[in-house]
Structure formats: C-alpha cells, structure tokens
Protein chains: 4
Amino acid sequence: MAPSSAETSPKRERRKEARPGELVKAALDLFVEKGFAATRVDEVAARAGVSKGTLFLYFESKEDLFKAVIRDNIANLFPAWNEEFKTFGGSSAEMLHYAMDLWWLNVGNTPASGIVKLVISEAQNFPEIAAFYQKEVVEPGTGLLQSILQRGVERGEFQHMDTSKSVFSIIAPMIFLMMWKHSMGACAASANIIDPKEFIHMHVDLLLNGMSAKKTQ
Amino acid sequence: MAPSSAETSPKRERRKEARPGELVKAALDLFVEKGFAATRVDEVAARAGVSKGTLFLYFESKEDLFKAVIRDNIANLFPAWNEEFKTFGGSSAEMLHYAMDLWWLNVGNTPASGIVKLVISEAQNFPEIAAFYQKEVVEPGTGLLQSILQRGVERGEFQHMDTSKSVFSIIAPMIFLMMWKHSMGACAASANIIDPKEFIHMHVDLLLNGMSAKKTQ
Amino acid sequence: MAPSSAETSPKRERRKEARPGELVKAALDLFVEKGFAATRVDEVAARAGVSKGTLFLYFESKEDLFKAVIRDNIANLFPAWNEEFKTFGGSSAEMLHYAMDLWWLNVGNTPASGIVKLVISEAQNFPEIAAFYQKEVVEPGTGLLQSILQRGVERGEFQHMDTSKSVFSIIAPMIFLMMWKHSMGACAASANIIDPKEFIHMHVDLLLNGMSAKKTQ
Amino acid sequence: MAPSSAETSPKRERRKEARPGELVKAALDLFVEKGFAATRVDEVAARAGVSKGTLFLYFESKEDLFKAVIRDNIANLFPAWNEEFKTFGGSSAEMLHYAMDLWWLNVGNTPASGIVKLVISEAQNFPEIAAFYQKEVVEPGTGLLQSILQRGVERGEFQHMDTSKSVFSIIAPMIFLMMWKHSMGACAASANIIDPKEFIHMHVDLLLNGMSAKKTQ
DNA sequence: TATGAATGAGTCTTCATTCAT
DNA sequence: TATGAATGAAGACTCATTCAT
C-alpha cells in the first residue's frame, strides 16, 4: 500500500555533492555558446535543473562560477601524459603524431575545447584566470611538446632548432581549430571547411617534411 | 545677409563628417580591449569626444555600431593585394614570405588585428557578422594564399598538396598570434614569450623546409 | 519495548523546552546590535545553535520572532516594584533615587535596555508593538514614578506640580541613556562621555534641587 | 495656434540642480517614516517624481543617499547660533529658555527632527555617520549649551556644577521628544500625551528651580 | 523534532536608448 | 546637429520561508 520509498520524489533527492558539478557543466556549455556576459545566471540554473537561488548556494558570484568552470575543466591531464611519454618507444615523428591524436581525443574533441575560446575572450576582464590558464595549461602543454621536439633533435631525427619557438608552430593550429569550432564553425558557410583530424595529421606532416619540393628525390 | 554656405566653419563641417569614423575608431579600441558586452556606449562616446546621445545619431544601436566597427575595419585589402601578387616576380617561397610580411604590416601589427578576437568572441551572438567576416575576409584571404601555393606547385617549387587544406597551416598561427596578443598577451607571465615577426618567419621556414633531418643533405 | 518517557534524555528534553528562549535571547542581542532588518534569521539560528529551519518551528515568521523578543523582555517588573514601593519608608527624594537605581540595575544596565532602541526604531513598522509597549511599559512606568512624585507632593516634600508631565523630565534622560548606549555609544568618539550611574544621580539631584543659585542659602 | 513655448512640457524641464534636493527631501521623509532598510529606492524616486534610474544619476548608492540626507540636514546652524548668543543681554535662565525655544523652532518642530531617530537607529550600521553626527551636531550642540551654563555659573546665577554633565540633563529630553514624535508618537495611545512646547518650558523650569519644596520660601 | 537544501519574490543597481532643449 | 538628463527593462544577488528527509 505504501509506495516503495525507493521510487519517490525525484525533485529534491539529488545530493548536495552533485549540484556544483551539474551547475559547472551547464555553465560551461552556456558560457562557451554565448559568452560569459551574454549568459544569464538564471539560464545556467535552469539548465542544471535548479533555481537561481540554488546556484548562489554553491558559488559566491557569477565570476566565481566562471572560475570554477575553468578550473574544473583543466583537469590534471598533463601529469599522466608526461608519464606516458617518458616511456614512448617509437620515432619522434610518431611521438608527435601520437601526442596530437591524444590531444584531439581528450581535449580538442571535447566540450572542454570551448574553454580556450572562453579564456581568450575574457582574459582581459579576468587577468587572474589568464594567469591561471597560462600556468596550468599553456606552460605544461608547451613543455610537453617541447620535450618531444628536444628528443627528436637529440636523437638526430629533427634538425637543430629553437624548440621554445617552433612549439608554437605546432600548437597554434590546434588553438585555432578550437576557436574556429566554437565560433565561426557555427556559421553555416564555414561549417565543413575543415575536418579536424585530417587537418591535424596533414599539419604535422607538413611541419615534419616541409612543402618545398625535395631536390634529391 | 545670410552667410554663404562656403563661409561656415570648415572645422565643424569636417568634424561632422568625421564623427562616425571617430566613433568607430573609439569603439574598435574599446571593444577589442574589453569585449563587446563589457564596453559601455558612454565610454565609446567619451573617447570619441562626443556625448552619448550623439552616438545614437549615427548608429541605431550598440549592435549597429559593432557591425560598423567590423565592416569598416575589413578594408578591401584583398583586391589590391591580389593585383600586387599577379605580377610578383620571385620564387613562390619568397612570395609566401612576402605575403606574410605584408599581412603583418597591414593587419597583424595594426589595431585591426583585434577584430579577429572580436569576431571570434561574438560570432555566436552575431551570426550575421560571422557570415560577413567569412565572406569578406576568410575566403579572400585563404583564396589569395591558396593561389600562391598553387603557383608554387605548378612551377614545381612545392610538392603536390591539397592547397585548400594546407592553407590553414599557414593561416592558423597568424590568427593565433592576434588572439594571443589581444588576450593572454596582456597577462604578465605570457607577455614576451612570442616575438611575432621572428615567429612568422620561422614558421614559414618550417613549413617550407620541414623539421625532419634531411638525409641526403 | 518503548522506553518509558521518564527514561528519555533529560538534557534533550530540557533543550527542547529551552529552544524558544535561546532563540529569543539570540534574536534580542542581534536585533539590538544590528537592527531588525539588518539581522538575518540565519544568524539568529546560528547564534542559538540551531538550524534555520528549527527557528520556523517555533516562530511563524521573523516578525513573529520580533514580537516575542519584545514581549518576553518586558517582564512583569512593575507589579513587584509597585508592591515594593507601597511600603517604602524613607523620604520621597530617597524614594526617587532608589527607583532610579533599581531601574538602572534591572533594566538600564541589562541587555533588555536595547529593547527601547528597537521599539523606537521599528515602532512605525510595527504599530502593534508600539501599542503593546505603550501599554505594558510606558504606562506602568510613568504611573509608578508619578505615584512617587504624588507622594512627595502630598507629604509636602515636593512643590505642587503637574506630575503627569514632570514625570517625563525624569524618564527622558533614562531613555536617552539607553538609546545612546546602543547607538552612538559604539562610536569611539562618543564612547565614554557619559557615565550612566553618575549621570543618573546628578540628574535626579538637579531635578530635586534645581540649578539656580539659592538666594537664602 | 501654436502653443506658447513658455507653457509646455512640465515633465523634463526641471533643472538638474533641483533634483538632488528633491530626492534628499523625499528620502528624509521616507527614511524617517519607515527606516532606512524598509525604504525602497523606488519609493524615494517616486516621491521625488522621478524614475529609479534618475536617483542613481545623483547618488552612487542607497547608502550614499542616506549620507547625503544626514549631511544636508545638519545645516550649519551652530555658527549662526553661537554668534547670536555671544551678544545675548538677558539673564542666563532667560538665555536657556531662549535657546530651547530656538531649537524647537528650527529643529525639533521640523522634519529634520526625524534625523535623530535615523542616526540613532542606524548608527551601528553606519559608524561613519555616527562619527560625523557626533562631531557636527552633538559636540557643537552640547558646547553651545555648556557655554550658557558656564555663563550662568560665572555670573552667580547658577550654582557651581560640572557643566559637561548637566548639559545632558537639558538635552536628553529634547532628544527624547524627537524620538518619541517619530516613533511612539504615531501610535494612537501615545499620541497626545506630551505637548512639546509646554513640556520644554516645564522641563527648563524644573531644572532651574528644582522640585523640592523650598524651606525658606 | 530537526535539518539544511531549495526556492523565488524582492531589491539594488546598470546601461542602452530616448527626447526635450 | 548635439546634448545630457531621464528612463525603465533587465540582471545579479539576497534572504525569509518551505519541505522532503
């Protein structure tokens, strides 16, 4: 007769612990989609299935939520990655290709890719976040790639180069890819111009081999 | 008795004609610096030296002003450039270097470089502008570069390639450069990591020659 | 099987009964300190060591709590006092001094002194409370003092006077004292200007003897 | 046929200079009547005949408006008064009566009398204002009265006394009068208990002559 | 009875836009 | 044409109150 308590009240039963995550997820989507300023806190709350007031139970302010979005989505990917590459067996060219694939899988092809656009768009208004991103993402990321290039140079696979600079020739198109995807990419005309995976491979090939005609070949 | 119209203050006349331009200039600076949403029309008017009301004499709305900023700063550079390159005498590698230098001089190192950040940041909220930008800038720009690559391939200077794709390997770092400059670049830690001119040359060299060790050389 | 009610934790029992009192006490302190509007019910609950929800178990609303604060702290002092003064043996001047001392001891120098400030501050918003205070405090208070003055007049100790009015010359500075203490008194500059006990005596003396120079003395 | 331009548009013609005053006036009334917290800025604006936004054109915040209310209504009465009393010819008793009458006329019987209630009620939340009031009103006010008492003592009209303290015996009932008027006074039961002018005179008389029966008289 | 997560009406404040001058 | 005072809709945030547990 009495209803089984296991199936009742879907409304309030969600645990306090789940809320911040749900809100951050909703905020990420909305912020990426519409920008920080153009996103209403009501919308974020609504998309997370709670009321406006609830949002402020977990985040002191809209800015605070923004910071949480950035922080939470900048997972500690790098430690694991660094470890993985320490024991990599193949050639440095293969290593570079692999690193890029990994990145595409775990970041570029993920909602988190929208973060870059967010950070870039709002860096001036949130210097604190810019600095955080610089330290937590840019530096580890470039560091990892640089170590691959360095390995290639040391093993005679790559020419001598200033790795601290050529790193950006590799990274820049990845950033571009993400920015594109989350802005112009939505525009019909620009939609399918670029196929990311294909582009990444082509780009790495280009960088490795150059596009000049080979005289001796 | 009435003053001949030739008699009227030429300064004020010129002033009147110059108003929209001054406003657009002020708006560009502010929009780039703070983002569209975070810029108040009062600020724009103040920086242009007019009152808030005057701004609305020339632009129907803040959005309208935004569109004008984009439109006005996307000069018809391309027709002239296209013409210039039609008669270019040197090698295609030189041509590529030259094109990049030109770009850096006329766009990259110019306040207009901030436009890219603006367009990227607000593309979702202003699809109209994204489309406009796509048509007026992206397509002509990639077209121009593509024609250089094509020339190189045809003249046997470059390897065979899908120029419609490799074009992005050249462009992406330029976009990245501008975005960086107008966002993270302001952050102390990231300030002087990248020297643009130097980076551009190195990047083109890398693309031309690749970074793999040359076996026969 | 069920524990005899006598068995249940006497502490929790007493606790339960004590709750409203603890809440009222906490509310008094906070209301006096910060004003009614500026006090959050969370704070009251926290200071009373219970949760916000519990507060609403005992009081229908914040206003209801406010009324309880006033009511509970306007103890039935007067019946006891009236009795005490009926059998007072000394002179009416002594009686006046004694009444004032008693008041200082039981009200003026007590947290309850803050109530006056509360009532005065919120009287317009809570007419009901103003009326209650008028009937329960003002009238008995003035009545008691008036009876002392009357006694003095009847016994030839005091001059003839309209006691219903001169009563306020005695009371007003007491009210002032409490208001001062709970508002300006917190301000550093005004902190120690007035010593209450000393002032009370001086004031009563002044009222009894006047400050004019005595011709015949 | 055309309406005379002199009679048109009653809406927007009010001068900028008049606005702050009108707003402060409206705010004084409302703050006194309902308290600072219980007053909505919309109400203030409405009573001043402008929109909510206009209020914030002249005052940075509700708090700022509050401070303006206090400041603007604490006229520099004292310099003028001090001057007036320097040349006073009569007895010190007369002087005291005169001072009190003057006060009643210019402050006590004026909307500004509500300020005392405001300051007292909000002193804890606005320590800055408490200090300001202490310095600009309390000190000059007590100073002026003290000088009258001093004059009386020096001329042998008053007994020797600690004027710094007896001053409060004079002032306190005035404060009380104003507080009463603006709080309990609104309550029907307490309405007409006290007639201010009558009370003031009686009080000064009492203080001058005391209420004890004069033996030799 | 006690909790504290959730609510949403209510408040201050901002700012694009209007309009009388 | 130019001004800038005025507007009011909209947004972030607060907090008394509710209610499932």
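Just so it is clear, the structure is predicted and the values come from calculations on it, not from any experiment. In what follows, chains are A, B, ... by sequence order, proteins preceding strands, each numbered from 1.
The B:Leu57 side chain lies nearest to F:dA2 when the options are E:dA5, E:dA2, F:dA2. Considering only the side chain of C:Tyr58, E:dA2 comes nearest among E:dT7, E:dA2, F:dT17. The side chain of A:Ser51 sits closest to E:dG8 out of F:dG8, E:dG8, F:dA16.
Contact detail for C:Ala26 and C:Val44: the closest heavy-atom pair is CB-O, 3.7 Å. Smallest separation of non-hydrogen atoms from A:Val69 and A:Asn73: O-ND2, 2.8 Å. Between B:Ala68 and B:Phe59 the shortest heavy-atom distance is CB-CE2, 3.6 Å.
Residue-to-nucleotide proximity on DNA chain E shows that, of B:Lys52 and C:Lys52, the 5′-proximal contact is made by C:Lys52.
Residues that satisfy the side-chain contact (heavy atoms from CB on, under 4.5 Å) test with B:Ala37, not counting sequence neighbours, are A:Ala37. Every side-chain hydrogen bond (donor to acceptor under 3.5 Å, both in side chains) that D:Thr54 has, sequence neighbours left out, goes to D:Ser51. Shown here are the ring pair (Phe, Tyr, Trp, His ring centres under 6.0 Å) partners of A:Phe31, two or more places apart in sequence or in another chain: A:Phe36, A:Phe66. For C:Asp64, the salt bridge (Lys or Arg N to Asp or Glu O under 4.0 Å) test picks out no residue, with sequence neighbours left out. Contacts of C:Lys62 classified as salt bridge (Lys or Arg N to Asp or Glu O under 4.0 Å), with partners at least two apart in sequence or in another chain: none. Residues passing the salt bridge (Lys or Arg N to Asp or Glu O under 4.0 Å) test with B:Lys67 are B:Glu128, sequence neighbours excluded.
Expressed to the nearest 0.5 Å, how far CD of D:Glu60 lies from CG of D:Leu65 amounts to 12.0 Å. From C:Leu23, atom CG reaches atom CG of C:Leu30 across 11.0 Å, with rounding to the nearest 0.5 Å.
Interface residues of residues 59-69 of chain A facing DNA chain F, ordered by number: A:Ser61, A:Lys62; criterion, heavy-atom separation under 4.0 Å. Of the residues in residues 33-41 of chain C, C:Thr39, C:Arg40, C:Val41 come within less than 4.0 Å of DNA chain F through at least one heavy atom, sorted by number. Taken residue by residue, residues 23-30 of chain D places no heavy atom nearer than 4.0 Å to DNA chain E.
In this structure, the CD atom of B:Glu43 is 13 Å from the C1' atom of E:dA16, given to the nearest Å. In this structure, the CZ atom of B:Phe56 is 17 Å from the C1' atom of F:dT1, given to the nearest Å. Note: CG (A:Asp42) to C1' (E:dA9) measures 13 Å, nearest angstrom. Computed from coordinates, the C:Leu55 CG to F:dC15 C1' distance equals 13 Å when rounded to whole Å.
Residue pairs meeting the salt bridge (charged side-chain N to carboxylate O under 4.0 Å, His left out) criterion with at least one partner in residues 33-44 of chain D, sequence neighbours excluded, are D:Glu33-D:Arg47, D:Lys34-D:Glu43, D:Asp42-D:Lys52.
Distances shown here put a side-chain N or O of D:Thr54 below 4.0 Å from the OP1 or OP2 atom of F:dT7.
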- Message: As a check on the pairing definition, encode DNA chain F in dot-bracket form, counting Watson-Crick and G-U wobble pairs whose two distances are under 3.5 Å, and using | for partners outside this strand.
- Response: .||||||||||||||||||||
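Counting only heavy atoms from C-beta outward, the side chains of C:Ile70 and C:Phe126 never approach each other to under 4.5 Å.
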Ignoring hydrogens and angles, write down the donor-acceptor pairs under 3.5 Å from the side chains of residues 116-124 of chain A, residues two or more places apart or on other chains.
| residue | atom | partner | partner atom | Å |
| --- | --- | --- | --- | --- |
| A:Lys117 | NZ | A:Val32 | O | 3.1 |
| A:Lys117 | NZ | A:His182 | O | 3.4 |
| A:Ser121 | OG | A:Lys117 | O | 2.8 |
| A:Ser121 | OG | B:Ser121 | OG | 2.8 |
| A:Glu122 | OE1 | A:Asn125 | ND2 | 3.3 |
| A:Gln124 | NE2 | B:His182 | O | 2.7 |

